[in-house]
Q: 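Structure in structure tokens, see below.
In what follows, residues are counted from 1 in the order of the sequence shown.
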Amino acid sequence: MVFSSIEFLLGFLPVFLFLYYITPNTYKNITLFGGSLIFYAYGEPIFVLLLLASMLVNYFFGRLLSPDAQRKETVRKACFICMMVLNVGMLTAFKIAPEEIGLPLGISFYTYQIMSYLIDVYRGRIPGETSFIKLGTYICMFPQLVAGPIVNYSQVSEQIKEPDVCLKNVDKGLKTFTWGLFFKVLMADRLALLWHEISTIGYVSIAAPLAWMGAISYSMQIYFDFYGYSLMAIGLANMLGFYLPANFDLPYAAGSIREFYRRWHMTLGKWFTDYVYIPLGGNRKGLKRTAFNLFVVWILTSLWHGASFNFLIWGMVICFFIVAEKLLSSYREKKGKQEGKGAIVSVVRHIYVCFVIMLTWVCFAITDLKELGIYLGRMFGVIKGVSTSMDVFYDKLTRYGLLMAVGVFLCTPAAKKLYEKGKDTIPGMLVLTVLFWLSIWYILTMGNNPFMYFRF
């Protein structure tokens with residue numbers, strides 16, 4: 001079931017919220033757990049059994065790993081290794097499986113949450129959860145089940161015991177959800193039409209201006225699609241009395257590739273930092289070891305997104321620029337040089353970030369390496385082909401130019417400040433109401449598209 005679908009918006013959600021709100025606090029977890037399984041089973045009737053089996057097995061072993069269970073360290077270590085191999089093996093098996101088998105929705109996200117729980121229990125940071133319903137609620141809570149944000153158990157364990165259900169949170173959640181729905185339906189889904197039209201023309205036939213327009217539109221499409229989902233998830237959680245961490249922080253306002261990925265999909269970045277980068281030594285063992293640690297992180301990040309070579313190229317290009325930035329920063333420190341400041345330097349940095357990120361998103365979008373090479377070649381005019389006339393470019397610019405301009409503005413801090421300042425005012429609430437029903441109208445007339453990160 002997709003958040004941006006009529007079945008969810010006008011069917012599942014209002015019915016579930018009614019039942020959840022009338023349920024006594026003591027039993028709200030049961031309602032949320034059961035509702036989440038129904039939500040998942042609607043789209044994955046077979047794989048819901050896999051989800052249940054995963055929860056049961058990891059719940060049982062989580063109890064064994066808990067330090068208060070007073071088991072021998074060798075037993076705990078053996079159980080821990082066994083579960084890590086099982087979880088990683090299951091995820092890897094589905095990632096490399098033939099397409100006809102299909103990838104269970106959200107398997108990357110809920111597997112990472114499960115592993116973070118087991119690692120924290122094994123390290124003694126948290127005790128093993130004794131209630132299967134509470135642990136199951138954490139793993140399969142429907143707002144963030146299929147595409148995050150990725151949450152550690154320690155972040156929500158107290159909330160699961162006593163969710164903060166109140167009118168203030170419901171109001172906050174509705175506004176956040178509506179803003180995310182607008183991003184998904186009226187921005188990402190409409191920008192997707194441009195990318196689809198360019199792909200239909202054929203990469204070998206597009207001129208350089210149209211290729212660059214496609215790269216820009218896809219860069220905004222994936223941002224509004226995933227950010228829209230994250231906002232909707234956070235808003236839904238607020239309505240249920242939960243607080244989920246932010247997943248995006250204006251990444252296109254970043255001044256470096258390092259900063260971009262500290263602002264993009266932040267919960268995944270934090271997961272890799274806490275459970276891979278820091279345990280490997282982080283940046284505490286010199287530049288060579290830091291570069292190696294970053295290489296490992298980005299190899300794993302690439303594989304997390306898929307087993308295709310285009311994802312590996314995407315990850316390795318990003319890793320290269322992050323390591324290069326670290327080397328440059330270290331060189332400046334040794335020479336006692338200060339980083340450049342000022343408006344011109346800031347603009348140059350933003351241009352550099354947007355240029356690199358656009359190229360990497362093209363690698364992310366096109367899975368066929370031959371087609372990827374053609375598209376990049378057409379962007380820079382180094383691969384010959386039958387170019388479309390400039391009339392096609394002007395046609396796309398006329399039809400999508402305003403949408404892209406709005407998209408650029410929405411990627412800036414000014415847009416975020418405007419939303420924060422206006423969302424609690426009467427004009428702001430009227431705008432959000434219009435955006436909600438305009439989104440409903442668009443879904444009814446144009447249908448809905450699955451979120452792009454559902455395939456990861």
Side-chain angles (χ1 to χ4, degrees), residues 1-29 31-33 35-36 39 137-138 141-145 147-149 151 155-156 158-188 224 226-250 266-267 410 413-443 451:
M1 196 181 301
V2 181
F3 291 165
S4 56
S5 67
I6 297 301
E7 293 86 354
F8 179 82
L9 293 168
L10 303 183
F12 176 85
L13 184 59
V15 172
F16 172 80
L17 288 178
F18 173 76
L19 295 174
Y20 184 76
Y21 291 147
I22 66 172
T23 301
N25 288 341
T26 308
Y27 303 105
K28 283 192 186 300
N29 284 332
T31 302
L32 180 53
F33 181 66
S36 298
F39 170 86
T137 300
Y138 157 69
M141 188 189 305
F142 77 85
Q144 46 84 238
L145 170 60
V151 184
Q155 292 176 282
V156 294
E158 292 301 318
Q159 299 174 48
I160 289 175
K161 291 178 183 177
E162 191 174 351
D164 186 14
V165 180
C166 62
L167 189 60
K168 180 182 178 181
N169 282 338
V170 173
D171 175 68
K172 178 183 177 181
L174 279 170
K175 291 169 183 174
T176 304
F177 180 87
T178 300
W179 195 237
L181 184 67
F182 159 60
F183 275 14
K184 165 60 180 169
V185 175
L186 299 181
M187 294 302 301
F224 290 122
F226 195 21
Y227 188 25
Y229 178 92
S230 296
L231 287 172
M232 293 167 81
I234 292 169
L236 286 168
N238 288 157
M239 286 186 260
L240 302 179
F242 292 85
Y243 302 92
L244 298 182
N247 217 14
F248 289 85
D249 183 21
L250 300 170
M266 294 188 294
T267 57
L410 290 173
K416 185 177 182 179
K417 289 179 182 178
L418 184 63
Y419 168 76
E420 292 295 337
K421 187 176 180 179
K423 64 183 175 68
D424 295 323
T425 66
I426 292 177
M429 287 187 281
L430 287 175
V431 170
L432 287 172
T433 301
V434 170
L435 290 176
F436 178 84
W437 289 108
L438 191 59
S439 298
I440 295 291
W441 173 81
Y442 189 87
I443 295 168
F451 289 91

Q: Assert yes or no for the condition that the ring centre distance of Phe248 to Phe226 is strictly below 6.0 Å.
A: yes
Q: Any side-chain heavy-atom pair from Tyr419 and Lys175 closer than 4.5 angstrom?
A: yes
Q: How far does OG1 of Thr267 sit from CG of Leu244, to the nearest 0.5 angstrom?
A: 9.5 Å
Q: Carefully, step by step, assess Ile234 and Gln144 under the rule side chain to side chain contact (heavy atoms under 4.5 Å, CB included).
A: CA-CA 8 Å; Ile234 292 169; Gln144 46 84 238; over 6 Å; no
Q: With sequence neighbours excluded, what pairs up with Lys172 under the side chain to side chain contact (heavy atoms under 4.5 Å, CB included) test?
A: Thr176, Asn238
Q: Side chains of Phe183 and Leu410, heavy atoms from C-beta outward: is any pair under 4.5 Å?
A: yes
Q: Any chance you could lay out the salt bridge (charged side-chain N to carboxylate O under 4.0 Å, His left out) test for Glu420 and Lys417, step after step, and finish with the verdict?
A: CA-CA 5 Å; Glu420 292 295 337; Lys417 289 179 182 178; over 6 Å; no
Q: Hey, could you give me the NZ/CG distance between Lys423 and Leu418, rounded to the nearest 0.5 Å?
A: 12.5 Å
Q: Would you check, one step at a time, whether the test side chain to side chain contact (heavy atoms under 4.5 Å, CB included) holds for Glu162 with Asn25?
A: CA-CA 7 Å; Glu162 191 174 351; Asn25 288 341; 5.9 Å; no
Q: Given side chains that start at C-beta, do those of Phe436 and Leu432 come closer than 4.5 Å, heavy atoms only?
A: no
Q: Is the Lys NZ or Arg CZ of Lys184 less than 6.0 Å from the centre of Tyr229's six-membered ring, within 45° of the axis?
A: no
Q: A quick test of your reading: do over 12 heavy atoms of other residues, nucleotides or ligands sit less than 6.0 Å from CD1 of Ile22?
A: yes
Q: Begin with the C-alpha distance, continue with both residues' side-chain angles, and end with the deciding distance and a verdict on side chain to side chain contact (heavy atoms under 4.5 Å, CB included) for Tyr138 and Gln155.
A: CA-CA 10 Å; Tyr138 157 69; Gln155 292 176 282; over 6 Å; no
Q: Say you draw a straight line from CG of Leu236 to CG of Leu13; how long is it, rounded to the nearest 0.5 Å?
A: 6.0 Å
Q: Check Pro143 against Leu240 and note the closest heavy-atom contact, atom names and distance.
A: CG-CD1, 3.8 Å
Q: Could you walk me through whether Phe3 and Leu9 satisfy the side chain to side chain contact (heavy atoms under 4.5 Å, CB included) test, starting with their C-alpha distance in whole Å, then the side-chain angles of each, then the deciding distance to 0.1 Å, before giving a yes or no?
A: CA-CA 7 Å; Phe3 291 165; Leu9 293 168; 5.9 Å; no
Q: Which residues satisfy the side chain to side chain contact (heavy atoms under 4.5 Å, CB included) test with Met266, sequence neighbours excluded?
A: Ala246, Asp249
Q: Could you check if a side-chain atom of Ile160 sits within less than 4.5 angstrom of a side-chain atom of Phe33, using non-hydrogen atoms only?
A: no
Q: Would you call Ser36 and Leu32 a side-chain contact if the rule is heavy atoms closer than 4.5 Å?
A: yes
Q: Might you point out which heavy atoms bring Asp424 and Met429 nearest each other, and give the distance in Å?
A: O-CE, 3.8 Å
Q: Do Ser4 and Tyr442 come within less than 4.5 Å of each other through their side chains, counting heavy atoms only?
A: no
Q: Will you find, in the side chains of Asn169 and Tyr243, an N or O donor that is under 3.5 Å from an N or O acceptor?
A: yes
Q: Is the distance between the ring centroids of Phe142 and Phe16 under 6.0 Å?
A: yes
Q: Side chain of Asp164, backbone of Phe242: donor and acceptor closer than 3.5 Å?
A: no
